[in-house]
Number of protein chains: 2
Amino acid sequence: MVNSPDNRSSGSGDGTVRERLLAAAEELFSEQGFNGTSIRDIAAAAKCNIASVNYYFGGKENLYVELWRRHHAQIVGVRIESINEVMSRSGGKPGLEMLLKSFAEAFLGPLMDSNKGPRLMKLMAREMIDRNLPKDMFGKEVIRPTMTAMQEALSKACPALEQSKIPLVVFSLVSQLLHTILIKAMHQGIDDQELAQFDPAMVIDHVVAFTAAGIRAYAKEEGK
Amino acid sequence: MVNSPDNRSSGSGDGTVRERLLAAAEELFSEQGFNGTSIRDIAAAAKCNIASVNYYFGGKENLYVELWRRHHAQIVGVRIESINEVMSRSGGKPGLEMLLKSFAEAFLGPLMDSNKGPRLMKLMAREMIDRNLPKDMFGKEVIRPTMTAMQEALSKACPALEQSKIPLVVFSLVSQLLHTILIKAMHQGIDDQELAQFDPAMVIDHVVAFTAAGIRAYAKEEGK
DNA sequence: GACAAAATCAAACAAGTGTTTTAAACTAAC
DNA sequence: GTTAGTTTAAAACACTTGTTTGATTTTGTC
């Protein structure tokens, strides 16, 4: 029985068929969703046989999981590294705007990359609504690490901010960033004309300024 | 041939089978998505025959559209009425916090209703990513009217705010409200423990205060 | 009750799904 | 050249999908 070629991790750049399958799956899953994409579509796009999906990954679901593992670690890594970099560069007490801007750029950067950015955005938005990953993989490995890192950094950057407000502030920040992603990813069809004016760079500057103002209002109120 | 019972609009509370189908479809579509729900599931939940979906609605897709028509007009109506009410009550120049809070409550209210609220939330989130409605119906009939009404109200409530900033401000406000919805709708699985602390009423107060501070920062900067 | 329209039903339909099977082609070691 | 292992290929499998059919029951009207 031939059934274990998949223990060969995706790290090394070996099999072309395997790589082609992952690339095609990423494209199609992000565009049409997990359930909306058949392995026949994937195989056709990768120019290989239908059975190859099962041969290399042991099933459609495993292909999807493998696809996520390739990216989520890197995305989370970029965000946390960015925070750490700002923290160390400023000796543990960064300026508020600097921290926010750095985080916003690290948050959106990998998703704005013209190559695979839009695909990852859609993939992420879909996974938030239709969970196809193993239970808790998305929350525990993607969302939580970013959240806590940012909360800790914010706490140090703005000691005057009451602890209980910090999760709310991060909530507001992340919600704006995610909405930026969503709009960009779904720009086709929802509202072309109106939303075309939302240039990413401009939106980032706005979100930073807007969020900083909101935080300072809390900090001042508390500082009294 | 018997094929036109569907010109009977859903307005009057007539057929029980028709109503049951719409209710079951709303439940299942919101929970599993359009493609993830079979008309056999729907028929089983509505306790009627499979063919009834085609008999009453002429297909799965039309059932979905009909389901949306029932709600989106009301949801949009509540939001715009709420804005108009605040505007007229304050003689065209409402307090900023009052306008924001009123809008936030009108925005989330229908979606927080314990009965069908969560279902509509999920339905809306899904439709934003996977468009199953006729082209532009979602953008033109749901999103746009609310947006423009709020932008006009904000412009009058805060004349010191530069016109070009208004769409950005509404963007920030709406993104926070939508994120509130998303978290509440998807609370299962993403991050139970951490996100349980986000009580809706508290989140609304936060969003209002946070957004007001962001707006005032823009207004002051402009007023100088 | 008789009749016609409306509503319900079980069954079948054609098409598409993920997966498995079985055989053929390729690759490298001896 | 033979052999063993890996990779590709086409076909079949069992199942689900949305829709349609044709018959049967229910409903309302005279």
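In this text, all values refer to a predicted model and were calculated from it rather than measured experimentally. These numbers come from the heavy atoms of this one structure, side chains and all, not from hydrogens, waters or symmetry mates. Chain identifiers are assigned alphabetically (A, B, ...) following the order of the sequence lines, protein sequences preceding nucleic acid strands; residue numbering begins at 1 within each chain.
For R40(B) and dG18(D), a side-chain-to-base donor-acceptor distance below 3.5 Å is present, hydrogens and geometry of angles not being considered.
Taking atom CG of L28(A) as the reference point, atom P of dG18(C) lies 12 Å away to the nearest angstrom. A straight line from CZ of F57(B) to C1' of dG18(D) spans 16 Å, rounded to a whole angstrom. Between the OH atom of Y55(B) and the P atom of dT25(D) there is a distance of 17 Å, rounded to whole Å. Whole-Å rounding puts the D41(A) CG to dA15(C) C1' distance at 14 Å. For the pair R18(A) CZ and dT6(D) C1', the computed distance is 15 Å after rounding to whole Å. Taking atom NZ of residue K60(B) and atom C1' of nucleotide dT19(D), one finds them 12 Å apart after rounding to whole Å. Protein atom CD1 of I50(B) is 9 Å distant from nucleotide atom P of dA10(C), rounded to whole Å.
Between dA10(C) and N49(B), a contact under 4.0 Å exists linking OP1 or OP2 to a side-chain N or O. Proximity of N54(A) to the phosphate of dG18(C): no side-chain N or O atom is located under 4.0 Å from OP1 or OP2. Distances shown here put every side-chain N or O of S38(A) at or beyond 4.0 Å from the OP1 or OP2 atom of dG16(C). Between Y56(B) and dT8(C) there is a side-chain polar atom (N or O) within less than 4.0 angstrom of OP1 or OP2.
Between the side chains of E127(A) and Y64(A), at least one donor N or O sits under 3.5 Å from an acceptor N or O. Side-chain N/O atoms of S155(A) and Q163(A) include a donor and acceptor closer than 3.5 Å. Using modelled atom types, one finds a donor on one side chain and an acceptor on the other under 3.5 Å when comparing S172(B) with Q176(A).
Comparing A51(B) and N35(A) against DNA chain C, the residue whose closest nucleotide sits nearer the 5' end is A51(B).
For K60(A) and F34(A), the positive end sits near the middle of the six-membered ring, less than 6.0 Å away and at most 45° from its axis.
Between E105(B) and R79(B) there is no salt bridge, since no side-chain nitrogen of the basic residue lies less than 4.0 Å from a carboxylate oxygen of the acidic one.
Closest to the side chain of I39(A), out of dA7(C), dT19(C), dT20(C), is dT19(C).
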